[in-house]
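Atoms within a ligand are numbered from 1 in the order they appear, just like the ligands themselves. What you are looking at is a predicted structure, and each value in this text was computed from that prediction instead of being measured. Just so you know, residue 1 is the first one in the sequence shown, and it goes up from there.
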Amino acid sequence: MELEGKVAIVTGAGRGIGEGIARVLAREGARVVVNNDRNGDDANRVVAAIGAAGGKAIAIRADISSRSEVEALVAQALAAFGAIDILVNNAGIEVPPSLVKDLPEAQWDRVLGVNLKGTFLCCQAVLPAMMAKRRGKIVNIASTAAKRMSFFGSADYTASKHGVIGLTQHLAWEVADHRINVNAVCPGGVLTPLLEQHTTPEFRDALTRRLVPLGRFCTIEEIGEVVSFLASSRADMITGQALAVDGGLLSGFGEDLRSVVRKRMEEARSAAAVPA
Ligand SMILES: NC(=O)c1ccc[n+]([C@@H]2O[C@H](COP(=O)([O-])OP(=O)(O)OC[C@H]3O[C@@H](n4cnc5c(N)ncnc54)[C@H](O)[C@@H]3O)[C@@H](O)[C@H]2O)c1
């Protein structure tokens, strides 16, 4: 268990990718603060599941777009566990998409307020504890939309995730001399309540066939495994990076094009072949 003795905060961990991350970090021995913005069963259910698997976790409610709530979250985590070694900025929102010409200013402010400002507020709030220990790992959950554009959301979402990469790179430089690593993970499609809410199975299938070389969506646990690695001492020399976990989405194309391109390559090879 490579995170034994560590304390981790995972924001937005009441369901979806955050839940997957919280479960994997707990399996690796970390004591986990399961944050969510809503009271109720979500975070408690994840805490119970971690407990049932032999791990240790507590639920703390906080809206990460509010400075006072983020400060209270960090204070409660420190009171409960005495340290914060790992911060995973996972909480994020995506609202029904619209074109920029129609995009309400209030929607822009809300999405940027959670996805980008919320990430900034949480980083800022944990830095004193990490700097005092001269060690820490911050992992920001961006998106493949941080490297190109969003397929599901609008420009607000794309801009917020590009901003997360900028914050990651800049902060990584600022805190390197305190031995704090700051990295981002860029998931491609991960089947979660957020994605199910905003897409149909037909849309997801068409997208996979066109875009994803490995031919499927990611699981929440697969994101958790990569975050766990970046949060461990095995990743001590990695900082300022944005790692895509996307089945090849950013580097290739899916099944629809594969056969066409392969056929063309094989034809070109045989046309060029020297007869025996
Ligand atoms: N699902 C995907 O395909 C996908 C792809 C790329 C990136 N992402 C990113 O991964 C992260 C998690 O996405 P998901 O698909 O699991 O979403 P989700 O909606 O299933 O879960 C998000 C969780 O965050 C919580 N949350 C939302 N706003 C919050 C706030 N202000 N404060 C605290 N908690 C808050 C929600 O209550 C929810 O529990 C997001 O940052 C998202 O942008 C998701």
Side-chain angles (χ1 to χ4, degrees), residues 9-23 33-47 59-70 72-74 87-97 109-122 125 139-154 156-165 167-168 184-199 203-204 207-208 211-212 216-224 226-227 242-247 249-250:
I9 296 179
V10 184
T11 66
R15 67 177 200 186
I17 294 174
E19 174 176 353
I21 295 168
R23 284 176 185 246
V33 174
V34 177
N35 155 258
N36 219 42
D37 59 341
R38 284 173 221 148
N39 276 321
D41 294 340
D42 280 5
N44 291 329
R45 181 185 57 79
V46 176
V47 166
I60 301 181
R61 201 210 73 83
D63 174 349
I64 57 131
S65 65
S66 154
R67 173 181 294 280
S68 59
E69 293 193 27
V70 167
L73 162 69
V74 169
L87 167 67
V88 184
N89 284 305
N90 165 77
I93 56 170
E94 191 168 349
V95 298
D109 288 345
R110 186 164 159 251
V111 172
L112 273 283
V114 175
N115 295 3
L116 184 53
K117 185 181 161 193
T119 299
F120 154 72
L121 288 175
C122 290
V139 183
N140 297 323
I141 304 303
S143 167
T144 46
K147 300 209 174 192
R148 48 184 301 171
M149 59 169 280
S150 172
F151 299 107
F152 310 119
S154 0
D156 49 1
Y157 185 83
T158 299
S160 72
K161 294 298 186 178
H162 277 253
V164 167
I165 302 288
L167 173 62
T168 300
V185 169
C186 300
V190 185
L191 201 54
T192 63
L194 178 86
L195 202 76
E196 272 179 305
Q197 229 171 310
H198 292 295
T199 60
F203 181 76
R204 296 194 293 266
L207 217 64
T208 304
L211 292 174
V212 188
R216 64 174 176 84
F217 276 59
C218 228
T219 67
I220 57 173
E221 289 79 13
E222 284 169 327
I223 305 297
V226 175
V227 170
L243 179 58
V245 184
D246 66 349
L249 185 152
L250 287 175

Inter-residue atom distance N90.CG - N36.CG, 0.5 Å rounding: 9.5 Å
Proximal protein residues to ligand 1, non-hydrogen atoms under 4.0 angstrom: G12, R15, G16, I17, N35, N36, D37, R38, A62, D63, I64, N90, A91, G92, I93, V114, I141, A142, S143, Y157, K161, P187, G188, G189, V190, T192, P193, L194, L195
Interatomic spacing from CG in L249 to SG in C218 - rounded to 0.5 Å: 10.5 Å
Pairwise salt bridge (Lys or Arg N to Asp or Glu O under 4.0 Å) hits with a residue in residues 10-21, at least two apart: E19-R23, E19-R45
From CD (E69) to CG (D63), nearest 0.5 Å: 5.0 Å
Set of residues satisfying side-chain hydrogen bond (donor to acceptor under 3.5 Å, both in side chains) with respect to E94, sequence neighbours excluded: none
Side-chain polar contacts of residues 145-153 - donor-acceptor pairs under 3.5 angstrom, sequence neighbours left out - could you list them?
unit_1	atom_1	unit_2	atom_2	d
K147	NZ	A242	O	3.0
S150	OG	F152	N	3.1
S150	OG	G153	N	2.7

